[in-house]
Amino acid sequence: MKIDSFLKDVGGASRVTKARRMSYKNASAIPQPKDPIRELADLLHPDKMRFVVTEVRDASPTSKTFRLESVDGHIPVFQCGQYVNFNLKIGESVLNRPYSISSAPFEARGEKPFIEVTIRRNRPYFVPDYFFENVTEGTLLDGSMPFGTFYYEPLRDSKNVVALAGGSGITPFVSMAKEIAAGYLDTDLTILYGSVHHSDIVCGDELAGAAAACPRVRVVNVMSDDPEWEGEKGFVTKEIIEKYSGEDPTYMFCGPLPMYNFVSKVLGELGVPVRRFRKDVLGQPADISALPGYPAESVGKTYQITVVRGVREDVIPASASEPVAVALERAGIPVDAHCRGGECGFCRSQLLSGEIFVNPVGDGRRAMDREMGWFHACSSYPLTDLKIKIPIL
Ligand SMILES: Cc1cc2nc3c(=O)[nH]c(=O)nc-3n(C[C@H](O)[C@H](O)[C@H](O)COP(=O)(O)OP(=O)(O)OC[C@H]3O[C@@H](n4cnc5c(N)ncnc54)[C@H](O)[C@@H]3O)c2cc1C
């Protein structure tokens, strides 16, 4: 019986293949002026998006939320936890920066679809300074469609999600909390959010609003240096994680590298299987030389990178303490960096000569790429003069 249906399927598949070959053969080389499939694909996956800022508001004393509408009125479908990669020109630098969407997907399906990003500036930062000082209502911004793999997936993840967040790493969970509270995402969510002081809590009102509206959302703020705070104090420790975890959770982490290192050690001690731990480490460490394996002799050095793009070659300076992608951006050479954590592979480039240090956290290179000298510019640091070949944008 099984064999019969297998043969039937094979027969059917070969007929389909034949029909497809025929339609390719008879197809016109002139593109269809109106192709509904192409139009739908463009709406779902636009190459680029142009946004207009329609509102700017404080999300804490050190952070601002920017509401963005798409100029063409359409926001593609996205998941809580995805980010928009903004393309910016600041002075001579041409650069990208990803910001997670802090609004909920249902808010992008209303009559006036919008997304929001929440940017933190607790000290002088290059791109946040630019946003805080230059981006106001009416500003036009170019960016990508929503990207990223850090989202809840019901086929894989538990219906008990424990979010571990630090600083601006709260933004994906703000989106998730709002989507759950509105009844569009079917999971429980406990957020363990580490801040220094209660005045640092980003999007505190929105989180409290979602928790008040829906018992499936629970927010536990943990203050590391706030004597007046009456709730949990210290860091997000093993004891706190165990106390609030419940049964068989999926842990989702978003925050800076030091917190990730700590949390991943704790979850290892608790015996959490790898499939139950999802992470989004926000960008590169402040001091790459502190990572094990970074050669001390490179600290403070500047090298030269010969950048090959097609027939063009440019020689640019590059600090050993900054990723190759930053050297390119500083030199005004466009680089398609998205995740800035070494994972997505958009900035995959070829190392023609020289040595690099690759941040081991989030090293997403394929085994064959490592062997053949391909690297991700966003997470690789020069250790000698380099010659690299990058995609032409
Ligand atoms: C997936 C993802 C999502 C994120 N979501 C959020 C979010 O929701 N909210 C949030 O606040 N942050 C978020 N971040 C972090 C955010 O992208 C920025 O890294 C952060 O705002 C700090 O800004 P910065 O990178 O300019 O910081 P900086 O530390 O000032 O700069 C970073 C790098 O740029 C270099 N640089 C300095 N000057 C120049 C120049 N002239 N030209 C080119 N490069 C220069 C610096 O040397 C440094 O190497 C996210 C990061 C990732 C990876």
Side-chain angles (χ1 to χ4, degrees), residues 56-66 81 83 97-100 102 116-133 150 161-178 189-212 217-245 251-267 279-288 290-291 340-341 361:
V56 181
R57 61 176 192 276
D58 288 341
S60 79
T62 56
S63 53
K64 285 189 189 295
T65 293
F66 298 83
Y83 60 83
R97 278 297 181 278
Y99 287 97
S100 302
S102 57
E116 290 179 345
V117 292
T118 301
I119 300 183
R120 186 162 183 249
R121 181 179 68 164
N122 56 331
R123 64 169 171 84
Y125 274 118
F126 188 52
V127 172
D129 287 357
Y130 175 81
F131 267 84
F132 275 51
E133 282 147 32
F150 184 69
V161 173
V162 175
L164 305 163
S168 63
I170 192 65
T171 50
F173 306 121
V174 178
S175 170
M176 222 172 148
K178 292 206 279 186
L189 175 67
T190 300
I191 302 175
L192 304 181
Y193 182 21
S195 303
V196 176
H197 191 268
H198 67 271
S199 60
D200 286 337
I201 297 174
V202 176
C203 296
D205 292 346
E206 284 171 273
L207 289 169
V217 177
R218 186 163 57 147
V219 182
V220 180
N221 285 298
V222 185
M223 297 305 137
S224 65
D225 188 9
D226 189 346
E228 294 153 38
W229 185 248
E230 289 180 357
E232 297 289 358
K233 284 188 186 169
F235 292 113
V236 178
T237 55
K238 188 173 174 183
E239 290 65 38
I240 290 184
I241 295 175
E242 271 188 307
K243 181 172 167 189
Y244 291 100
S245 282
Y251 293 95
M252 294 181 75
F253 169 84
C254 189
L257 185 64
M259 185 174 175
Y260 165 73
N261 288 336
F262 180 76
V263 160
S264 58
K265 189 168 151 278
V266 166
L267 295 187
K279 69 164 183 0
D280 201 7
V281 182
L282 298 182
Q284 293 299 310
D287 178 10
I288 190 69
L291 259 61
R340 302 195 87 86
V361 177

### Query
Is it the case that more than 12 heavy atoms not belonging to Phe235 sit under 6.0 Å from its CZ atom?
no

### Query
Closest approach of Phe262 and Val236, non-hydrogen atoms and distance?
CE2-O, 3.2 Å

### For Ser175 against Gly81, the heavy-atom pair lying closest together
OG-N, 4.4 Å

### Query
Should Met223 and Ile201 be marked as a side-chain contact (heavy atoms from CB on, under 4.5 Å) after you check the CA-CA gap, both sets of side-chain angles, and the distance that decides it?
CA-CA 9 Å; Met223 297 305 137; Ile201 297 174; 3.5 Å; yes

### Task
Could you tell me the separation between the SG atom of Cys254 and the CD1 atom of Ile170, rounded to the nearest 0.5 Å?
8.5 Å

### Message
Using 0.5 Å steps for rounding, measure from the CH2 atom of Trp229 to the OG atom of Ser195.
### Response
8.5 Å

## Note on the structure
Minimal heavy-atom distance between Val174 and Ser102, with the atoms involved, is CG1-O, 3.6 Å

## Note on the structure
Ser168 meets the side chain to side chain contact (heavy atoms under 4.5 Å, CB included) criterion, sequence neighbours left out, with Arg120, Leu282

### Task
Could you tell me which residues satisfy side chain to side chain contact (heavy atoms under 4.5 Å, CB included) with Pro256, sequence neighbours excluded, listed by chain and number?
Pro258, Met259

#### Entry: Minimal non-hydrogen separation, Leu189 against Ala163, with atom names
CD1-CB, 4.0 Å

### Message
Could you tell me if the side chain of Thr62 sits less than 4.5 Å from the side chain of Ser60, heavy atoms only?
### Response
yes

#### Entry: Selection residues 219-230 - residue pairs positive for salt bridge (Lys or Arg N to Asp or Glu O under 4.0 Å), sequence neighbours left out
none

### Query
How about Val161 and Met176: do any of their side-chain heavy atoms sit closer than 4.5 Å?
yes

### Task
Could you tell me whether the side chains of Thr65 and Thr118 share a donor-acceptor contact shorter than 3.5 Å?
yes

### Query
Roughly how far, to the nearest 0.5 Å, is CE of Met252 from CZ of Phe173?
5.5 Å

#### Entry: Those residues that, when tested against Ser245, pass side chain to side chain contact (heavy atoms under 4.5 Å, CB included) (two or more places apart)
Val162, Ile241, Pro249, Tyr251

### Message
So which atom in Ala210 and which in Lys178 form the shortest heavy-atom distance, rounded to 0.1 Å?
### Response
CB-N, 4.4 Å

### Query
Quick one: ring-ring contact (aromatic ring centres under 6.0 Å, His included) partners of Tyr99, sequence neighbours excluded?
Phe131

### Query
Between atom CG of Leu164 and atom CD1 of Ile191, what is the distance when rounded to the nearest 0.5 Å?
10.5 Å

### Query
What pairs of residues pass the salt bridge (Lys or Arg N to Asp or Glu O under 4.0 Å) test when at least one of them lies in residues 192-201, not counting sequence neighbours?
none

### Task
Give a yes or no on whether the backbone of Gly204 and the side-chain of Tyr193 come within a donor-acceptor separation of less than 3.5 Å.
no

### Message
If you count heavy atoms of other groups shown closer than 6.0 angstrom to NZ of Lys233, is the number above 12?
### Response
yes

### Task
List for me each residue that meets salt bridge (Lys or Arg N to Asp or Glu O under 4.0 Å) alongside Glu232, sequence neighbours excluded, and say none if there are none.
Lys243

### From Asn221 atom CG to Leu207 atom CG, the distance as rounded to the nearest 0.5 Å
7.5 Å

### Message
If the condition is salt bridge (Lys or Arg N to Asp or Glu O under 4.0 Å), which residues does Arg57 pass it with, not counting sequence neighbours?
### Response
Glu55, Glu116, Glu206

### Query
With sequence neighbours excluded, what pairs up with Tyr260 under the ring-ring contact (aromatic ring centres under 6.0 Å, His included) test?
Phe253

## Note on the structure
Those residues at least two apart in sequence (or on a different chain) that pass side chain to side chain contact (heavy atoms under 4.5 Å, CB included) with Ser100 are Tyr83, Thr171, Pro172

### Any residue meeting salt bridge (Lys or Arg N to Asp or Glu O under 4.0 Å) with Asp58, in chain and number order, not counting sequence neighbours
Lys64

#### Entry: Any residue meeting salt bridge (Lys or Arg N to Asp or Glu O under 4.0 Å) with Arg121, in chain and number order, not counting sequence neighbours
Asp129, Glu133

